[in-house]
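In what follows, a single structure is set out as structure tokens and then discussed.
So you know, we letter chains A, B, ... as the sequences are listed, proteins then strands, and number each from 1. In what follows, every heavy atom counts, from backbone to side chain, and hydrogens, waters and symmetry copies are set aside. On a predicted model such as this, the values are computed, not experimentally measured, just so you know.
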Number of protein chains: 2
Amino acid sequence: MDDIDQRIIASLIADARQSYAEIGTRVSLSAPAVKRRVDRLRAGGVIRAFTTVVDPAAVGWTTEAFVELFCTGRTTPAQLTVATRRHPEVVGAYTVSGEADALVHLRAADITHLEQALERLRAEPFVTSTRSMIVLSRLVDSPTVIPTPTAG
Amino acid sequence: MDDIDQRIIASLIADARQSYAEIGTRVSLSAPAVKRRVDRLRAGGVIRAFTTVVDPAAVGWTTEAFVELFCTGRTTPAQLTVATRRHPEVVGAYTVSGEADALVHLRAADITHLEQALERLRAEPFVTSTRSMIVLSRLVDSPTVIPTPTAG
DNA sequence: GGTGAAACTATTCGCAG
DNA sequence: CTGCGAATAGTTTCACC
């Protein structure tokens with residue numbers, strides 16, 4: 001992972017459908033050289049996937065919520081992973097420090113759908129209680145972060 | 001937006017670098033037909049971007065947090081948007097129902113960097129207090145949702 | 001929405017630093 | 001080990017039906 005790799009990644013984050021030749025002009029490399037680096041980054045797990053950012057509303061998912069999960073003492077992260085992945089409405093789940101044990105990001109078609117998903121989540125045996133924050137408006141939602149780490 | 005558009009989108013979410021011909025075989029359409037639909041979806045704002053999912057750790061961002069923002073009474077969503085976009089560490093920001101007024105998703109290089117970002121955020125004039133949840137582990141983190149809305 | 005042709009890319013070589 | 005240039009295979013994109 002050198003500086004050129006970083007720039008290739010930044011370029012692919014900006015547009016995943018760019019040609020290798022185009023990336024090459026940006027980073028001053030030939031297309032085959034870029035491809036070799038991208039293949040290496042993919043094999044090494046640095047690049048996980050090429051994906052498409054879709055307007056959630058256009059696709060029918062208009063309701064979103066963050067739910068804090070309070071769990072029984074003996075709940076493992078592995079249990080949480082398995083449980084949360086069962087629910088298709090879960091788009092993100094994290095164990096966190098603070099009062100709650102986990103934070104779950106839900107996306108649903110509407111309030112009714114969200115309520116159903118929430119009830120299913122609350123029915124998990126290790127969940128003792130939940131606290132929901134319904135998203136009223138999305139102010140910022142960067143698909144991925146452009147890598148410029150040394151900003152501190 | 002018909003069923004074929006949905007399937008094209010699902011396919012592009014799974015792999016944004018697929019050829020139009022490949023998508024065409026999945027949805028039983030010719031490559032030019034697929035391109036026309038993709039162009040239309042892009043122009044209509046349904047498809048926002050083609051991007052790359054990168055392992056945040058590999059790129060140097062190892063620390064993540066969700067911060068609940070408590071604001072003064074007269075704070076508008078527009079103010080929040082402007083303020084949160086100023087900070088490069090903010091990867092997501094939402095106004096929410098519940099105790100807090102907003103939820104901010106931060107990503108930083110390390111704890112020190114996160115602390116700095118948090119202090120800068122707390123220095124915003126409309127912020128009265130904050131409550132942080134540091135992410136201990138990422139259980140689920142779907143880059144985008146595969147559109148299968150009618151699951152309720 | 002399909003077809004076919006032209007322009008452009010991707011990908012695989014051999015070869016050089 | 002990494003990058004380059006050339007040749008082949010495949011893709012995008014266009015006009016037209």
Side-chain angles (χ1 to χ4, degrees), chain A residues 1-61 143-150, chain B residues 1-62 109 143-150:
Chain A
M1 269 285 281
D2 61 359
D3 178 61
I4 294 175
D5 283 339
Q6 291 269 357
R7 276 156 63 207
I8 289 172
I9 289 169
S11 196
L12 280 170
I13 287 171
D15 179 9
R17 276 186 86 85
Q18 259 174 124
S19 71
Y20 292 126
E22 208 167 343
I23 301 165
T25 61
R26 287 176 201 281
V27 304
S28 310
L29 236 56
S30 69
V34 173
K35 188 205 183 300
R36 188 146 47 181
R37 279 169 179 266
V38 171
D39 285 347
R40 188 158 43 72
L41 289 167
R42 268 164 71 85
V46 177
I47 292 174
R48 291 165 107 97
F50 299 113
T51 190
T52 301
V53 183
V54 174
D55 178 13
V59 127
W61 297 76
T144 353
V145 189
I146 287 137
T148 36
T150 39
Chain B
M1 268 287 281
D2 61 358
D3 178 60
I4 294 176
D5 283 340
Q6 292 269 356
R7 275 155 64 206
I8 290 173
I9 289 169
S11 196
L12 280 169
I13 287 170
D15 179 9
R17 278 187 82 86
Q18 261 174 123
S19 72
Y20 293 125
E22 209 166 342
I23 300 165
T25 61
R26 289 175 200 280
V27 304
S28 309
L29 236 56
S30 69
V34 173
K35 189 206 182 297
R36 276 196 288 253
R37 279 168 178 266
V38 171
D39 285 348
R40 188 160 45 72
L41 290 167
R42 268 165 73 83
V46 176
I47 292 175
R48 292 165 107 95
F50 299 113
T51 190
T52 301
V53 183
V54 173
D55 178 13
V59 128
W61 297 76
T62 60
T144 351
V145 188
I146 288 140
T148 36
T150 39

**Per-nucleotide protein contact string for nucleotides 11-17 of chain C, where B marks a base within reach and S marks sugar-phosphate only (heavy atoms under 4.0 Å, - for neither)** = SB-----

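Bending across the helix from dG1(C)-dC17(D) to dG17(C)-dC1(D), expressed as the angle between its end axes from five pairs apiece, amounts to 40° (10° rounding).
Counting only residues at least two apart or on different chains, the salt bridge (charged side-chain N to carboxylate O under 4.0 Å, His left out) pairs with a member in residues 42-60 of chain A are R48(A)-D55(B), D55(A)-R48(B).
Heavy atoms only, all atoms of each residue included: T62(B) and A109(B) are closest at OG1-O, 2.7 Å.
On the nucleic acid side, DNA chain D has its first and last nucleotide under 4.0 Å of a heavy atom of chain B at dT11(D) to dC14(D), going 5' to 3'.
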Side-chain donor-acceptor contacts of residues 29-37 of chain A below 3.5 Å, not counting sequence neighbours, with atom names and distances?
from	atom 1	to	atom 2	distance (Å)
K35(A)	NZ	D39(A)	OD1	3.3
K35(A)	NZ	D39(A)	OD2	2.4
R37(A)	NH1	D2(A)	OD1	2.9
R37(A)	NH1	D2(A)	OD2	3.4
R37(A)	NH1	D5(A)	OD1	2.9
R37(A)	NH2	D2(A)	OD2	3.3

For residues 19-26 of chain A, dump all side-chain donor-acceptor pairs below 3.5 Å to protein atoms at least two apart in sequence or in another chain.
from	atom 1	to	atom 2	distance (Å)
S19(A)	OG	E22(A)	N	3.1
T25(A)	OG1	E22(A)	O	2.6
R26(A)	NE	Q18(A)	OE1	2.8

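Note that the CD1 atom of I8(A) and the OG1 atom of T52(B) stand 11.5 Å from one another [nearest 0.5 Å].
Phosphate proximity of dG2(C) to S30(B): present, with a side-chain N or O under 4.0 Å from OP1 or OP2.
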**Request:** Apply the test side-chain contact (heavy atoms from CB on, under 4.5 Å) to residues M1(B) and L41(B): give CA-CA distance (whole Å), side-chain angles for both, the deciding distance (0.1 Å), then the verdict.
**Result:** CA-CA 8 Å; M1(B) 268 287 281; L41(B) 290 167; 3.7 Å; yes

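Remark: side-chain polar atoms of T51(B) are paired, donor with acceptor, to backbone N or O of I13(A) under 3.5 angstrom.
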